[in-house]
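Notes follow once the structure below has been shown.
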Amino acid sequence: MESEKKLGTLQNIYAASIAETVNTYQGLGHLSSIVARKEARQEQTAPFMLQQLGIETEDEVFSRLSEVFGCADWHVEEQETGFVATATTCKLCALSKKMGGASPCHGWCIDPMTAMIKEIARRKGYVAQVRLEGTLMEQDRCTLAITK
């Protein structure tokens, strides 16, 4: 199997595994507590994730995660005070909806990205504000506004 096809297969299996896990947690009534526990650890794991993924800038969080995980089609638009990142498709959301409808957005996507963005900002000496404007679980796009 060619490398590109292997990567695509692994990305699909990974997304399906997370979607199944999220829906299982919801079915057991533990999704919100798991997401809260994961959120509490994101600040600790962000430096490791940045290192492993070779991410150095805030906008690279979106481009690199798209490249590696092949999940959401993030597009970044620079603005005066920061930037807005938007995705109109997400494999993880689509699979999660098909498997029961539990949202994977916070615990497995938004919270880790937010933690990485805030860690990059901290390293650069400022505080970044990340505002979630909507996700593909409820709307036609996922939008994050980042203010530097």
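Throughout, residue positions are numbered sequentially from 1 according to the sequence presented.
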So, taking the atom named CD in Gln129 and the one named OG1 in Thr114, what distance separates them when rounded to the nearest 0.5 Å? 10.5 Å
Under the side-chain contact (heavy atoms from CB on, under 4.5 Å) criterion, do His106 and Leu132 qualify, and how do the steps go? CA-CA 10 Å; His106 284 280; Leu132 176 63; 3.5 Å; yes
What distance separates Ile55 CD1 from Ile120 CD1, expressed to the nearest 0.5 Å? 6.5 Å
Rounded to the nearest 0.5 Å, what separation is found between the CD atom of Glu56 and the NZ atom of Lys124? 8.5 Å
Kindly check if the number of other-residue, nucleotide or ligand heavy atoms within 6.0 Å of CD (Glu2) is above 12? no
Got a second to check how far Ser103's OG is from Met137's CE, nearest 0.5 Å? 5.0 Å
How long is the span from the OG1 atom in Thr45 to the CE atom in Met116, to the nearest 0.5 Å? 8.0 Å
Cys105 side chain near Cys93 side chain, heavy-atom distance below 4.5 Å: yes
Closest non-hydrogen atom pair, Val68 against Gln11: O-NE2, 2.8 Å
Connected via hydrophobic side-chain network under 4.5 Å: Met113 and Leu136: no
With the side chain counted from C-beta on, respond yes when Ile110 and Cys142 share a heavy-atom pair under 4.5 Å apart, and no when they do not. yes
Thr88 backbone acceptor or donor facing Asp140 side chain under 3.5 Å: no
Would the number of heavy atoms belonging to other residues, nucleotides or ligands and lying under 6.0 Å from CD of Glu43 be above 12? no
Find out whether Trp74 and Asp59 are in side-chain contact, i.e. whether some heavy atom of one side chain is under 4.5 Å from a heavy atom of the other. no
Where Asn23 and Gly101 come nearest, the two heavy atoms and their spacing: OD1-N, 3.2 Å
Value rounded to 0.5 Å, distance of CH2 in Trp108 from OG in Ser96: 9.0 Å
Per the salt bridge (Lys or Arg N to Asp or Glu O under 4.0 Å) rule, what does the pair list look like for residues 71-98, sequence neighbours excluded? none
Considering only heavy atoms from C-beta outward, does the side chain of Phe69 approach that of Leu92 to under 4.5 Å? no
Provide the full list of salt bridge (Lys or Arg N to Asp or Glu O under 4.0 Å) pairs with a residue in residues 63-72, sequence neighbours left out, each pair given once. Glu60-Arg64, Arg64-Glu67
Greater than 12 external heavy atoms within 6.0 Å of Arg123's CZ: yes
Heavy-atom side-chain contact between Asp111 and Lys38 under 4.5 Å: no
Ser17/Glu20 under side chain to side chain donor-acceptor pair (under 3.5 Å): CA gap, chis, key distance, verdict: CA-CA 5 Å; Ser17 174; Glu20 179 183 18; 5.6 Å; no
Can you get from Val22 to Leu65 by hopping between Ile, Leu, Val, Met, Phe, Trp and Tyr side chains that sit under 4.5 Å apart? yes
